[in-house]
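Scope of the values below: all heavy atoms of this structure, side chains included, with no hydrogens, waters or symmetry mates.
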Amino acid sequence: MFGRSGKKGNYAYTVARVKAKKSTLMKEDAYSKMLMMSLPEISRFISESGYQKEITELTGKYVGVDLIEHATYTNMARLFRGILESSEGELKDMIAADLERWDIWNLKVILRGRSYGLSSDEIKEDLVPAGSLDVAHLDKLMSFETDDEVISAYAKMEEIVFPQEVLAEYRETRNLAVIEDFLDKVHFENLLVSVVPNSRPKRLFQDFIRNEIDITNLETILKLKKEGISGDDVMNYYIPGGKQIDKKLATQLANAESISAMANDLAQLDFYEDIKEALDDTNSLRDIVAALTKYHSDQARTFSHLYPLSVIPIVDFMIHKENEVNNIRIIARGIESGLDKEIIKGLLVV
């Protein structure tokens, strides 16, 4: 699906559009203000900060946190699809490959929702049509009676081939993680293939992707270790293609007795200093993930300034837009649950 078009792409036009949108992203002081607000006040505040259309559309259907979450996701999906639809050539190939993560997200939501007995309307509420598959495609997927039919239709839409051993294991175990793990690996493979490294900005973007693979692998290892899973069971989820965490290092990390026991191995990573404090055994996994996300966002921002007429500023905007949406949702959920404001603040990526 994510082949190479041979056409250079409309970088100047798309970057100019994205630059205008990036200027509207919330600043750190906006989150400080929201921390002092009630949920209705947050809804009004974000309505005045770029989410008015979605808040207006969804008011009456949702209230409170649900309104805020659906409005922010809908807004983000529209923005990302707008960027994809306005881009051309090799630029469109790279953006489509990057946004494939949302197609995979949606398939996961559909399959998970069906396994929990949710209706199509209930599942639809959690879909984010920000990738190549629009609402019509997602409705088509939800129309099939069996999960096997859903997976087969998705494969045709995305032009991917599920290995027979993956399908056989899924049919035998009905463990959705088998399908999800395969798709996550395919996503990064497609993303790397979409980039023709014939210029410094594209080579830098490839390194950026490979760093993201490292971050994803490290998050997976840490998450499974927190759950008491280690060794080969962890390595089943290892995604190849990273820049620093190769299979040997991943195996060492997976076999470590604790997070603190990983210190010497982790110290060799370029981003170790950025996450060292969060890696303390007393911290929660979400603290570590927040540190990794912040590192990834800072890296995108730095690279986007170096090469302003490339795909990197576009990806940088999409990362920061997703961070904005996640920050709003974290604040709303935190306030609803009565979480201490300092704890909420510590979870934000700014």
Side-chain angles (χ1 to χ4, degrees), residues 2 94-95 97-109 112 128 130-131 160 166 176-195 204-227 229-256 259 262 265-266 268-272 274-276 278-279 283-300 303 312 315-316 318-323 325-326 347 349:
F2 303 106
M94 289 185 284
I95 294 173
D98 186 68
L99 290 176
E100 182 196 22
R101 70 186 71 228
W102 291 107
D103 294 334
I104 294 170
W105 162 281
N106 290 326
L107 178 65
K108 291 178 180 179
V109 168
R112 291 277 177 195
V128 184
I160 61 173
V166 169
L176 288 172
V178 176
I179 298 294
E180 294 172 350
D181 176 53
F182 169 74
L183 289 174
D184 289 339
K185 291 174 181 176
V186 166
H187 164 63
F188 283 111
E189 182 181 339
N190 285 338
L191 188 50
L192 285 171
V193 167
S194 75
V195 184
L204 198 61
F205 183 43
Q206 272 199 342
D207 281 346
F208 181 76
I209 296 166
R210 294 176 66 203
N211 268 323
E212 185 180 0
I213 294 172
D214 285 335
I215 290 170
T216 302
N217 281 327
L218 182 55
E219 284 184 11
T220 300
I221 291 168
L222 293 171
K223 178 182 178 182
L224 294 176
K225 190 162 292 295
K226 287 277 188 181
E227 296 174 359
I229 302 171
S230 61
D232 291 342
D233 290 334
V234 174
M235 292 306 297
N236 288 333
Y237 300 97
Y238 171 76
I239 299 173
K243 184 177 182 182
Q244 300 178 73
I245 303 179
D246 58 15
K247 197 165 187 177
K248 179 181 177 181
L249 178 55
T251 301
Q252 291 172 204
L253 296 173
N255 286 316
I259 292 177
M262 297 179 180
D265 289 325
L266 291 174
Q268 63 186 280
L269 301 178
D270 291 346
F271 53 84
Y272 176 68
D274 296 86
I275 65 172
K276 181 171 66 175
L279 285 169
N283 286 335
S284 68
L285 178 62
R286 64 186 180 187
D287 294 322
I288 300 171
V289 171
L292 287 167
T293 303
K294 186 177 188 306
Y295 161 76
H296 190 55
S297 300
D298 290 345
Q299 190 184 43
F303 289 172
I312 300 173
V315 173
D316 173 51
M318 293 193 295
I319 288 172
H320 284 85
K321 177 63 180 181
E322 186 176 350
N323 286 343
V325 167
N326 288 335
L347 298 174
V349 178

message: Which residue in the set Ile213, Val186, Asp98, Leu99 passes side-chain contact (heavy atoms from CB on, under 4.5 Å) when paired with Leu191?
response: Asp98
- prompt: What pair of heavy atoms forms the shortest contact from Ala97 to Asn190, and how long is it?
  reply: CB-O, 4.1 Å
field: Atom of Asn236, atom of Asp181 and distance for their closest heavy-atom approach
entry: O-OD2, 3.2 Å
message: What I'd like to find out is whether the side chain of Ile104 reaches to under 4.5 Å of the side chain of Lys108, using heavy atoms alone.
response: yes
- prompt: Taking all atoms of both residues into account, what is the closest heavy-atom pair of Asp287 and Ala278, and its distance?
  reply: O-CB, 3.7 Å
query: Is a side-chain N or O of Gln299 found less than 3.5 angstrom from the main chain of Phe208, in a donor-acceptor match?
result: no
task: For the residue pair Thr251 and Lys248, establish whether any side-chain heavy-atom pair is separated by less than 4.5 Å.
output: no
message: So Leu218 and Ile275, do their side chains get closer than 4.5 Å, heavy atoms only?
response: yes
Cationic N near anionic O, under 4.0 Å, Glu322 to Arg101: no
query: Roughly how far apart are His187 NE2 and Ile209 CD1, rounded to 0.5 Å?
result: 8.0 Å
statement: Closest heavy-atom pair, Gln244 versus Asp214, reported as atoms and distance to 0.1 Å, is N-OD2, 2.7 Å
- prompt: OH of Tyr237 to OG1 of Thr216: how many Å apart, nearest 0.5 Å?
  reply: 15.5 Å
message: Using the rule given for side chain to side chain contact (heavy atoms under 4.5 Å, CB included), can you reason through Asp207 versus Phe303, listing the C-alpha separation, both sets of side-chain angles and the distance that settles it, and then say yes or no?
response: CA-CA 11 Å; Asp207 281 346; Phe303 289 172; 5.7 Å; no
